[in-house]
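Written below as structure tokens is the structure these notes are about.
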Amino acid sequence: MSGQSTPGLHVLGIRHHGPGSARSVAAALDELAPDLVLVEGPPELTAILPFLADEATAPPVAGLAYDVDEPRRASFYPLAVFSPEWVATRWALSRTVDVAWIDLPAASTAAIRAAVSDTGEFTEPSDETVTDPIGALAAAAGYDDPERWWEDAVEHRSGTAVERFADITEAIAELRRDEPTPTPLVDDDKVLDVRAAAAPTGAAMTAVREAAMRKAVRTAVKNGSERIVVVCGAWHAPAVDPARGPSAAADNRLLRGLPKTKVAAAWVPWTASRLSQASGYGAGVQSPGWYRHLYETAERGDDPDAAASSWLVRVARELRAQGLGASPAAVVDATRLARTLATLRGASAPGVE
């Protein structure tokens, strides 16, 4: 990936459902004032994005894309109040700025999954999967909680939000520097490589998704947008800029011949428990309730240390509601213990770890 960039394009590489990422996205958008916001997600949801501006639409919600002929074949795209995708989309809608979701169309994703499911021969994908880059960077720095790493390593750094996102992009670009040229999922005989397609986050599927996102960016530039912001997972950040990635011809080759099916889209209610890692959700977070609390207290101007104290107050209130003992003195002791443990671990404030 080259170091050149498309003029007027800024890519914000985020952690899905990361409250720190969400706050940084809002700050970067205010700084950049784009005329177009592009968000990682199936483009079939673009037509119904205005529903997210309705005050009656209370997160968590999920975008639903399903096969019209086989509705059981469906995909969900959850959003919480602390999701950067929610923040970016609502930022644009509230300012009448054009916004669209960009990714491999759900029409192709559903058809590919159907082909994998119907084949049955390959039960185990052969591809290596793409890990959570923010989580990996946090673990390398000795953090159990990626949000605490983001707070310490990104939020507390000098410079603007835009500059910090640029640093994230360059870090991921270095991690991906030696990646091989991707192989198309569909060969010249129009045969889908089912084994490669069986890994949703593998190299082959990642390549076609990023090709679709670059194609959308090229279209936006061609249509005259001058200040474009793309909000996407950090792993994709250096790859979605057409100036840094493969050529348009190479992307068309990756996308050529992909199967499609007819899909419909809608918004559906979601729950915090389904946002957790424990639910099996691939992009889930360790503690959705804590992350929401962390985001909302930061929006009110509280620091992370105060967020931990108010969280323990909420825990005590809930325990008392269930008939369990949780005195104010216990809350004070728990707060002191949390702060002491954070100091021993070298953390700036208590977290979920």
Side-chain angles (χ1 to χ4, degrees), residues 11-25 38-45 52 59-65 74-90 101-104 106 109-110 112-113 125 127-139 143-150 154 165 168 172 175-176 198-203 205-210 212-213 230-237 239-240 265 267-292 294-295 351-352:
V11 181
L12 311 182
I14 53 90
R15 179 173 185 250
H16 300 296
H17 312 305
S21 291
R23 296 195 307 273
S24 294
V25 163
L38 303 175
V39 179
E40 177 187 338
E44 287 88 349
L45 290 173
L52 298 185
V61 297
L64 165 65
S75 296
F76 296 91
Y77 304 88
L79 296 172
V81 69
F82 52 83
S83 301
E85 299 90 339
W86 168 270
V87 169
T89 301
R90 294 258 299 185
W101 279 24
I102 59 168
D103 203 331
L104 187 66
T109 303
I112 290 171
R113 289 179 179 173
D127 238 337
E128 295 183 359
T129 57
V130 174
T131 59
D132 169 18
I134 302 300
L137 290 172
Y143 285 74
D144 296 323
D145 179 13
E147 276 308 304
R148 185 61 61 222
W149 174 84
W150 184 282
V154 180
F165 274 118
I168 292 290
I172 302 302
L175 289 176
R176 300 186 62 176
T201 58
M205 284 299 297
T206 297
V208 296
R209 291 181 56 208
E210 290 173 346
M213 287 190 261
V230 177
V231 178
C232 63
W235 187 256
H236 307 300
V240 298
W267 295 109
V268 296
W270 210 243
T271 62
S273 62
R274 289 193 178 98
L275 290 167
S276 69
Q277 294 171 346
S279 71
Y281 173 38
V285 294
Q286 185 175 351
S287 177
W290 164 251
Y291 280 2
R292 176 168 185 158
L294 195 63
Y295 176 78
V352 296

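For reference, positions follow the sequence shown, starting with 1.
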Would you say the side chain of L275 lies within less than 4.5 Å of the side chain of P78, judging by non-hydrogen atoms? yes
Specify the closest pair of heavy atoms between D103 and P42, including all atoms of both residues, with the distance to one decimal. CB-N, 4.1 Å
Least distance between heavy atoms, G13 atom then F165 atom: O-CE2, 3.4 Å
Spacing of Y77 atom OH and L64 atom CG [to the nearest 0.5 Å]: 9.5 Å
Looking only at heavy atoms, what is the nearest atom pair of W267 and L45, with distance? CH2-CD1, 4.3 Å
Pairing residues for W270 by the ring-ring contact (aromatic ring centres under 6.0 Å, His included) criterion, not counting sequence neighbours: F76
Sub-4.5 Å side-chain heavy-atom contact between R113 and S75: yes
Check whether any side-chain heavy atom of H236 lies under 4.5 Å from a side-chain heavy atom of I172, and answer yes or no. no
When you measure from the side chain of E44 to the backbone of A106, do you find a donor-acceptor pair of N or O atoms at a distance under 3.5 Å? yes
Side chain proximity check, L104 to I112, heavy atoms < 4.5 angstrom: yes
Just jot down the salt bridge (charged side-chain N to carboxylate O under 4.0 Å, His left out) partners of E40, sequence neighbours excluded, or say none. R209
Report yes if the side chains of Y295 and V87 come closer than 4.5 Å at any heavy-atom pair, otherwise no. yes
Non-neighbouring partners of T109 that pass side chain to side chain donor-acceptor pair (under 3.5 Å), sequence neighbours left out: none
Does any part of the side chain of M213, heavy atoms only, come nearer than 4.5 Å to the side chain of V230, both counted from C-beta? no
Is the side chain of S21 donor-acceptor paired with the backbone N or O of P84 at a distance under 3.5 Å, no angle test? no
Is there side-chain contact between V231 and T89, with heavy atoms separated by less than 4.5 Å? no
Side chains of C232 and V11, heavy atoms from C-beta outward: is any pair under 4.5 Å? yes
Looking only at atom types and distance, does a side-chain atom of S83 sit under 3.5 Å from a main-chain N or O of A80, one as donor and one as acceptor? yes
On a heavy-atom basis, the closest approach of F82 and P288 is CE2-O, 3.5 Å
If the condition is side chain to side chain contact (heavy atoms under 4.5 Å, CB included), which residues does P43 pass it with, not counting sequence neighbours? P105
What pairs with R292 under side chain to side chain donor-acceptor pair (under 3.5 Å), at least two apart in sequence or on another chain? E296
About how many Å separate CZ of R23 and CG of L294, when rounded to the nearest 0.5 Å? 5.5 Å
When you measure from the side chain of R90 to the backbone of L52, do you find a donor-acceptor pair of N or O atoms at a distance under 3.5 Å? yes
Hey, do the aromatic rings of Y281 and H16 have their centres closer than 6.0 Å? no
Go through W290 and V285 one step at a time and tell me if the side chain to side chain contact (heavy atoms under 4.5 Å, CB included) criterion holds. CA-CA 10 Å; W290 164 251; V285 294; over 6 Å; no
What pairs with S279 under side chain to side chain donor-acceptor pair (under 3.5 Å), at least two apart in sequence or on another chain? none
